[in-house]
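In this text, all values refer to a predicted model and were calculated from it rather than measured experimentally.
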Amino acid sequence: MVAQRKRFRVRARDARTAEWEAAPFLGPNRVEVNKKFPRVDMVMSGFQGWGVGAMYLRHAGNVTNSLEVPRDAYLMILVTKGYCTFLHEGGFVDVGEDALVLVSPDDEFQMCLCGMTTLKIVRIERHLMHASVQRRFGRRPKHQIRFLPGLMTNTGRLAGAHQALTQGVRGLGDPVRPPLFKDERLLKAAEEAFVMNMLDVVPFWIDAEEGSPERLLEHEDRLRGAVAFVRVLMEADSLDGATMTEYAREAGLSLPALNHAFLDYVGVLPHEMLRNLRLDGVRRFLKAARPWQTTVDIAARKFGFRNNMRFVDWYVRLFGETPEETLAGESEG
């Protein structure tokens, strides 16, 4: 089956029309207005793909939007502007910009939006979410999965996971940007990758059998997700100057925990991983240059290496050749 991305933009000026227009994306819902300010002015714009959809939702007035059950999709709701109140997991929570809430299909959820609040909402179809869980962990959920915690902010234990998710949500299907991929098969692959990356960083529960909840993502799996997140940060910019302590803080771990996790899942310490990425940058730079255009010392300093003797030793151990041989074009790779 080939993915088909359908874009939409709608506007509604009364509660019933707002409910009807939002239903294909949010599922069954009910819109209630403030009696003192009964104005409704809802704008929705976004897309719906094969397994993932994304849209901006803005209400100009003060409204309450209740999502009813059952629904057939998981929702990620990010506050991009303004503030609102969420009723989730049995309690009311006042949240501001960058708050992110994860809603499972059977969760009763309510959002009270203040005037001009804007939300970025990602819809993940149940079939894609459960297929991704099976691919990642070898077992398909019989029932819904439940995220822990349901509400995430940019502070606290899961600050790193929050940052990874919000970056993904903000960049997904922005209506003011052209799509990254034109080929529909690549669009489908991008949707699958988005969900797989989400599962790498967010703890969740899964019901193995009726009435028998089993924690699927235990401590070890959370560490694996933290390692994947730090690797993404390192690969995105290996020269940003961040310390290992800062990487650990972003991932929501202590530095010793991050060190142990890297040894378990990558086989090297995080600083060795970062050093190898920089060494690879040096090698690619030397392979692309000519001997009369640059020197090994210039290349090493460009990627943050100051001790030439240690740099050469690390380079030879990683690539099996000296940097001079790479620059001279004597590399076999």
Decide yes or no for L75 and L67: does some side-chain heavy atom of the first lie under 4.5 Å from some side-chain heavy atom of the second? yes
Looking only at atom types and distance, does a side-chain atom of T117 sit under 3.5 Å from a main-chain N or O of C114, one as donor and one as acceptor? yes
Is it the case that over 12 heavy atoms from other parts of the model lie below 6.0 angstrom from the CZ atom of R9? no
For F285 and F303, the nearest pair of non-hydrogen atoms, with its separation, is CB-CE1, 3.9 Å
Taking the side chain as everything from C-beta on, heavy atoms only, tell me whether Y315 gets closer than 4.5 Å to V296. no
Going through the checks in order, is the salt bridge (Lys or Arg N to Asp or Glu O under 4.0 Å) test met by D106 and R71? CA-CA 7 Å; D106 294 339; R71 297 184 300 276; over 6 Å; no
Within-4.5 Å side-chain heavy-atom neighbours: M273 and V227: no
Where A18 and V31 come nearest, the two heavy atoms and their spacing: CB-CG2, 4.2 Å
Within the distance-only criterion (no hydrogens, no angle test), does the side chain of E250 pair as donor or acceptor with the backbone N or O of Y247 below 3.5 angstrom? no
Less than 4.5 Å apart, side chain to side chain, heavy atoms only: is that true for F92 and Q110? yes
Using side-chain heavy atoms (C-beta onward) and a distance below 4.5 Å, is P105 in contact with D72? no
For N29 and E19, indicate whether the former's side chain and the latter's backbone hold a donor-acceptor pair under 3.5 Å. yes
One pair to check against side-chain contact (heavy atoms from CB on, under 4.5 Å): N62 and L113. What are the steps and the verdict? CA-CA 6 Å; N62 297 343; L113 309 178; over 6 Å; no
Between L26 and V95, is there shared hydrophobic-cluster membership here, with clusters defined by ILVMFWY side-chain heavy atoms closer than 4.5 Å? yes
Are M42 and M116 connected in the hydrophobic side-chain network, where two residues link if heavy atoms are under 4.5 Å apart? no
Which residues share a salt bridge (Lys or Arg N to Asp or Glu O under 4.0 Å) with D94, sequence neighbours left out: none
For C84 and V79 the tightest heavy-atom approach is SG-CG2, 3.9 Å
Residues D41 and R13 bridged, charged N to O under 4.0 Å: yes
Answer yes if M244 and F229 sit in the same cluster of Ile, Leu, Val, Met, Phe, Trp and Tyr residues linked by side chain heavy atoms under 4.5 Å apart, and no otherwise. yes
Hey, is the main chain of G304 close enough, under 3.5 Å, to the side chain of R278 for a donor-acceptor pair? yes
Count the heavy atoms belonging to other residues, nucleotides or ligands that lie under 6.0 Å from CZ of R126, then report whether that count exceeds 12. yes
For F194 and I124, which heavy atoms make the closest approach, and how far apart are they? CE2-CD1, 4.2 Å
Assess whether a salt bridge exists between K81 and E97, defined as any Lys/Arg side-chain N lying under 4.0 Å from an Asp/Glu carboxylate O. no
With sequence neighbours excluded, residues passing ring-ring contact (aromatic ring centres under 6.0 Å, His included) with F109: F86, H88
Rounded to the nearest 0.5 Å, what separation is found between the OG atom of S45 and the CE atom of M55? 9.0 Å
What one should report as the nearest heavy-atom pair of K302 and L239 is O-CD1, 3.9 Å
When rounded to the nearest 0.5 angstrom, what is the spacing between CG in L119 and CE in M44? 11.5 Å
Out of curiosity, does L269 fall in the hydrophobic cluster containing Y265 (side-chain heavy atoms, cut-off under 4.5 Å, transitive links)? no
Please check if the side chain of S104 supplies one atom and the backbone of I145 the other of a donor-acceptor pair under 3.5 Å. yes
Does a salt bridge link E321 with R283, judged by any charged N lying under 4.0 Å from a carboxylate O? yes
Could you tell me if the side chain of T294 sits less than 4.5 Å from the side chain of L327, heavy atoms only? yes
Measure the shortest side-chain to side-chain distance between L128 and Y74 over non-hydrogen atoms and say whether it is less than 4.5 angstrom. no
Could you give the distance from CG (L277) to CG (D280), rounded to the nearest 0.5 Å? 7.0 Å
Would you confirm whether the ring centroid of F262 sits within less than 6.0 angstrom of the ring centroid of H271? no
Spacing of NE2 belonging to H130 relative to CD belonging to E125, to within rounding of 0.5 Å: 11.5 Å
Using the rule that two of Ile, Leu, Val, Met, Phe, Trp, Tyr join whenever any of their side-chain heavy atoms come within less than 4.5 Å, decide whether V316 and L286 are in one cluster. yes
Describe, in one word, how the ring planes of F305 and W314 are oriented to each other, choosing from parallel (under 30°), tilted (30 to 60°) and perpendicular (over 60°). tilted
Evaluate side-chain contact (heavy atoms from CB on, under 4.5 Å) for N259 paired with L263, printing each intermediate quantity in order. CA-CA 6 Å; N259 287 336; L263 286 174; 5.5 Å; no
Which atoms form the tightest heavy-atom contact between A251 and A226, and what is the distance? CB-CB, 4.0 Å
Show the numbers, then the answer: is there a side-chain contact (heavy atoms from CB on, under 4.5 Å) between M76 and M198? CA-CA 10 Å; M76 303 172 65; M198 172 188 175; 3.7 Å; yes
Could you walk me through whether T118 and H59 pass the side-chain contact (heavy atoms from CB on, under 4.5 Å) check? CA-CA 7 Å; T118 302; H59 276 281; over 6 Å; no
Quick check for you: to the nearest 0.5 Å, what is the distance between I121 atom CD1 and M111 atom CE? 4.5 Å
Side chains of V52 and V122, heavy atoms from C-beta outward: is any pair under 4.5 Å? yes
Surrounding CZ of R290 (heavy atoms of other residues, nucleotides or ligands, distance under 6.0 Å), is the total greater than 12? no
Which residues pass the side chain to side chain contact (heavy atoms under 4.5 Å, CB included) test with P24, not counting sequence neighbours? none
Can you tell whether the side chains of D297 and R306 come within less than 4.0 Å, N to carboxylate O? no
Out of curiosity, T326 OG1 to R284 CZ, how far, rounded to the nearest 0.5 Å? 13.0 Å
